[in-house]
S.K.: 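The following block contains the structure, expressed as C-alpha cells.
Side-chain atoms are counted along with the backbone in the values below, which use heavy atoms only and exclude waters and symmetry mates.
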Amino acid sequence: MNKHSLNSPSNFARRIQCPGSANAERGMVEEPSVYAAEGTAAHKLGENCLTDGLDPQDMIGRVIDGFEVDSEMADAVAIYVNYCRDLIDDAVVFGVEDHLPLLFLGKDDKGTSDFNAVTTRRVLYAVDFKYGKGIPVDVVENVQGLCYGLGTARKYDNHAWDQMVIVIIQ
C-alpha cells in the first residue's frame with residue numbers, strides 16, 4: 001500500500017471527478033513515475049536547505065534518492081527556498097514538510113504541506129513546490145493547494161490571520 005492517504009490532497013481532484021475511484025484504488029500499490037521520484041528528491045533538497053540553512057547551489061553533485069543534484073534542480077529549488085526564506089523572515093510560525101490531519105477529506109486522511117506560515121502581516125501561506133518534468137500543474141482552482149490551505153488554516157487556527165494565500169512554485 002502506498003504511504004498516501006486514500007483521499008490525500010495529491011489525488012483528491014480525482015475523487016471529486018470520480019468518487020468511485022477510491023474503492024477501485026483501495027489496496028493498490030502506487031509505483032511513482034521517474035518524474036515523481038525526481039520531484040521527491042528535489043523536495044528533500046528543499047527541506048534540507050530550509051531546515052539546515054544550506055544553499056541549493058552548494059549541493060550540486062550530491063545524490064539524493066538516486067538523483068544527482070544538477071544546476072537545473074538547484075536553480076528550481078533555490079526559487080522555492082528563497083521564497084520560503086522571505087516568508088520565514090516575517091513569520092510568527094512556520095512549518096517545513098508539515099504533516100497535516102485533513103479530517104475534512106476523511107476520518108484518517110492526512111497530507112504533507114511543503115511549507116506553511118503565518119506572518120506578522122496576518123497572512124497565512126500554504127506553499128506547494130512542484131518539480132520535475134511531465135505534466136504542468138494548473139494553479140487556478142487547484143484542489144491540492146486548496147486542501148493544503150484548509151489543513152494549514154486548521155493547524156494555525158489559534159494564530160491571528162485574516163488572509164490566506166496559496167502559492168504553487170513550479
S.K.: Roughly how far apart are I88 CD1 and Y83 OH, rounded to 0.5 Å?
M.R.: 12.0 Å
S.K.: Shared ILVMFWY cluster between L124 and Y148, side chains joined below 4.5 angstrom?
M.R.: no
S.K.: Can you list everything that forms a ring-ring contact (aromatic ring centres under 6.0 Å, His included) with Y125? Sequence neighbours excluded, please.
M.R.: none
S.K.: E141: what forms a side chain to side chain contact (heavy atoms under 4.5 Å, CB included) with it, not counting sequence neighbours?
M.R.: none
S.K.: Between Y80 and I166, is there shared hydrophobic-cluster membership here, with clusters defined by ILVMFWY side-chain heavy atoms closer than 4.5 Å?
M.R.: no
S.K.: Salt bridge (charged side-chain N to carboxylate O under 4.0 Å, His left out): which pairs involve residues 142-154, sequence neighbours left out?
M.R.: none
S.K.: Is V139 linked to V167 within one hydrophobic cluster, defined over Ile, Leu, Val, Met, Phe, Trp and Tyr using a side-chain heavy-atom separation of less than 4.5 Å?
M.R.: no
S.K.: Just how far is it from atom CG of D128 to atom CD of Q144, taken to the nearest 0.5 Å?
M.R.: 4.5 Å
S.K.: Show every donor-acceptor pair shorter than 3.5 Å between a side-chain atom in residues 51-59 and any protein atom, with sequence neighbours excluded, or say none if there are none.
M.R.:
residue, atom, partner, partner atom, Å
T51, OG1, E47, O, 2.8
D55, OD1, Q57, N, 2.9
Q57, NE2, D75, OD1, 2.8

S.K.: Tabulate below the donor-acceptor pairs under 3.5 Å that side-chain atoms of residues 89-104 make, not counting sequence neighbours, or state none.
M.R.:
residue, atom, partner, partner atom, Å
D90, OD1, T120, OG1, 2.3
D90, OD2, R121, NE, 2.8
D90, OD2, R121, NH2, 3.3
D98, OD1, K155, NZ, 3.1
D98, OD2, N116, ND2, 3.3
D98, OD2, K155, NZ, 3.0
H99, ND1, T112, OG1, 3.0

S.K.: List in chain and number order the residues that pass salt bridge (Lys or Arg N to Asp or Glu O under 4.0 Å) with D114, two or more places apart in sequence or in another chain; answer none if no residue qualifies.
M.R.: none
S.K.: Can you tell me how far the OG1 atom of T40 sits from the OH atom of Y35, to the nearest 0.5 Å?
M.R.: 15.0 Å
S.K.: Find the distance between OG (S33) and CD (E38) and round it off to the nearest 0.5 Å.
M.R.: 9.5 Å
S.K.: To the nearest 0.5 angstrom, please state how far the SG atom of C84 sits from the CD1 atom of I79.
M.R.: 12.0 Å
S.K.: Tell me every residue that passes side chain to side chain contact (heavy atoms under 4.5 Å, CB included) with A37, counting only those two or more places apart in sequence or in another chain.
M.R.: F67
S.K.: Without swapping roles, check the side chain of D157 against the backbone of A153 for a donor-acceptor pair under 3.5 Å.
M.R.: no
S.K.: Go through the structure and list residues passing side chain to side chain contact (heavy atoms under 4.5 Å, CB included) with S71, not counting sequence neighbours.
M.R.: I60
S.K.: Tell me which one of T152, I169, V127 satisfies side chain to side chain contact (heavy atoms under 4.5 Å, CB included) with F115.
M.R.: V127
S.K.: Does V118 reach the side chain of V123, with side-chain heavy atoms less than 4.5 Å apart?
M.R.: no
S.K.: Which heavy atom of V81 sits nearest to which heavy atom of C49, and what is that distance?
M.R.: CG2-CB, 3.9 Å
S.K.: For residues 150-170, which residue pairs qualify under ring pair (Phe, Tyr, Trp, His ring centres under 6.0 Å), counting only residues two or more places apart or in two chains?
M.R.: Y156-H159
S.K.: Are Y131 and H43 near enough that their ring centres are under 6.0 Å apart?
M.R.: no
S.K.: Answer yes or no: is there a donor N or O on one side and an acceptor on the other, between the side chain of Q170 and the main chain of V137, under 3.5 Å?
M.R.: yes
S.K.: What salt bridge (charged side-chain N to carboxylate O under 4.0 Å, His left out) pairs are there with at least one residue in residues 160-170, not counting sequence neighbours?
M.R.: R122-D162
